[in-house]
K.L.:
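Below is a structure I'd like to ask you about.
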Amino acid sequence: QVQLVESGGGLVQAGGSLRLACAASGRTFSSYTMGWFRQAPGKERELLGYIRWSNGFTYYGDSVKGRFAISRDNGKNTVYLQMTSLKPEDTAVYYCAASSFFGILVRQSQYEYWGQGTQVTVSS
């Protein structure tokens with residue numbers, strides 16, 4: 001059974017940093033793409049970026065480019081989202097997701113597996 005478990009969320013002051021982790025289990029993810037999304041209250045779920053497990057290729061959405069970075073640890077089957085220069089508008093529930101599809105994966109529907117989410121709150 002595939003499981004994605006996010007951790008690392010919490011409360012941080014504006015300008016601070018957080019690192020989220022997504023531990024994946026239940027299958028071999030070497031051919032998968034791992035995405036990070038977030039959803040703020042009253043807003044649609046937004047893609048932040050993704051990483052291809054096979055070669056480490058990364059893609060970032062415009063809203064976080066230059067502030068957030070995605071990485072992976074193959075040995076731990078874990079993907080990370082390093083967030084810096086956090087702003088109050090970054091407050092949201094953050095989700096990781098896994099996709100077995102190829103190409104540019106920017107839609108939620110392209111991801112088959114989802115974690116339960118972790119709350120990030122940025123205070124001003």
K.L.:
Is there a path from Trp114 to Phe101 through hydrophobic residues (I, L, V, M, F, W, Y) whose side chains come within less than 4.5 Å of each other?
P.N.:
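Yes, it is one cluster - the side chains of Trp114 and Phe101 are joined through contacts under 4.5 Å.
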K.L.:
May I ask you to decide whether Asp62 forms a salt bridge with Lys65, counting only side-chain N to carboxylate O separations under 4.0 Å?
P.N.:
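Lys65 and Asp62: salt-bridged.
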K.L.:
Are Ile70 and Leu48 in one and the same hydrophobic cluster, where Ile, Leu, Val, Met, Phe, Trp and Tyr link if side-chain heavy atoms are under 4.5 Å apart?
P.N.:
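Yes, same cluster.
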K.L.:
Mind jotting down which residue pairs meet the disulfide bond (SG atoms under 2.5 Å apart) criterion with at least one end in residues 47-113? Sequence neighbours excluded, please.
P.N.:
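As it turns out, the disulfide bond (SG atoms under 2.5 Å apart) pairs with a partner in residues 47-113, which skip direct neighbours, are Cys22-Cys96.
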K.L.:
Between Tyr32 and Tyr113, what is the ring plane arrangement, given parallel below 30°, perpendicular above 60°, and tilted in between?
P.N.:
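Tyr32 and Tyr113: tilted rings.
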K.L.:
Heavy-atom distance under 4.5 Å between the side chains of Ser63 and Arg38, does that happen here?
P.N.:
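A side-chain contact exists here, since the closest heavy-atom pair is under 4.5 Å.
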K.L.:
Can Tyr94 be reached from Tyr59 by stepping across I, L, V, M, F, W or Y side chains whose heavy atoms are under 4.5 Å apart?
P.N.:
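Not linked; separate clusters.
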K.L.:
Which atom pair, heavy atoms only, marks the closest approach of Arg27 to Val2?
P.N.:
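So the minimum-distance heavy-atom pair works out to NE-CG2, 3.3 Å.
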K.L.:
Could you tell me the separation between the CZ atom of Phe29 and the CZ atom of Arg72, rounded to the nearest 0.5 Å?
P.N.:
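Reported value, rounded in 0.5 Å steps: 14.5 Å.
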K.L.:
Taking all non-hydrogen atoms of both residues, which atom of Leu18 and which atom of Leu86 are closest, and how far apart?
P.N.:
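Nearest pair, atom of Leu18 first, then Leu86: N-CD1, 3.9 Å.
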K.L.:
Ala98 and Met34: which non-hydrogen atoms are nearest, and at how many Å?
P.N.:
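Distance-wise, the nearest heavy atoms are CB-SD, 3.6 Å.
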K.L.:
Out of curiosity, Gln13 CD to Ser124 OG, how far, rounded to the nearest 0.5 Å?
P.N.:
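Going from CD on Gln13 over to OG on Ser124, the span is 9.5 Å.
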K.L.:
Shortest non-hydrogen contact from Ser123 to Leu11?
P.N.:
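Here Ser123 and Leu11 meet closest at CB-CD1, 4.3 Å.
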K.L.:
How about Tyr111 and Phe37: are their ring centres within less than 6.0 Å of each other?
P.N.:
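When the ring centroids of Tyr111 and Phe37 are compared, they turn out to be within the sub-6.0 Å range.
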K.L.:
For residues Ile104 and Leu47: do they belong to one hydrophobic cluster (side chain heavy atoms under 4.5 Å, members Ile, Leu, Val, Met, Phe, Trp, Tyr)?
P.N.:
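As far as the 4.5 Å side-chain criterion goes, Leu47 and Ile104 are connected within one cluster.
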K.L.:
Please give me the minimum heavy-atom distance between Leu20 and Trp36, naming the atom from each residue.
P.N.:
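That closest heavy-atom pairing would be CB-CH2, 3.7 Å.
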K.L.:
Donor-acceptor check, side chain of Glu6 to backbone of Gln116, threshold 3.5 angstrom: yes or no?
P.N.:
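Checking the backbone N and O of Gln116 against the side chain of Glu6, a donor-acceptor pair under 3.5 Å is found.
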K.L.:
Return all side-chain donor-acceptor pairs below 3.5 angstrom for residues 76-85, not counting sequence neighbours, or 'none' if the list is empty.
P.N.:
from, atom 1, to, atom 2, distance (Å)
Asn77, ND2, Ala24, O, 3.2
Thr78, OG1, Lys76, O, 2.8
Thr84, OG1, Arg67, O, 2.6

K.L.:
If we only count heavy atoms from C-beta on, is the Gln119 to Thr91 side-chain gap below 4.5 Å?
P.N.:
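Yes, close enough: below the 4.5 Å cut-off.
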K.L.:
Is there a path of hydrophobic side-chain contacts, each under 4.5 Å between heavy atoms, that joins Val120 and Phe68?
P.N.:
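Linked, Val120 and Phe68 end up in one cluster.
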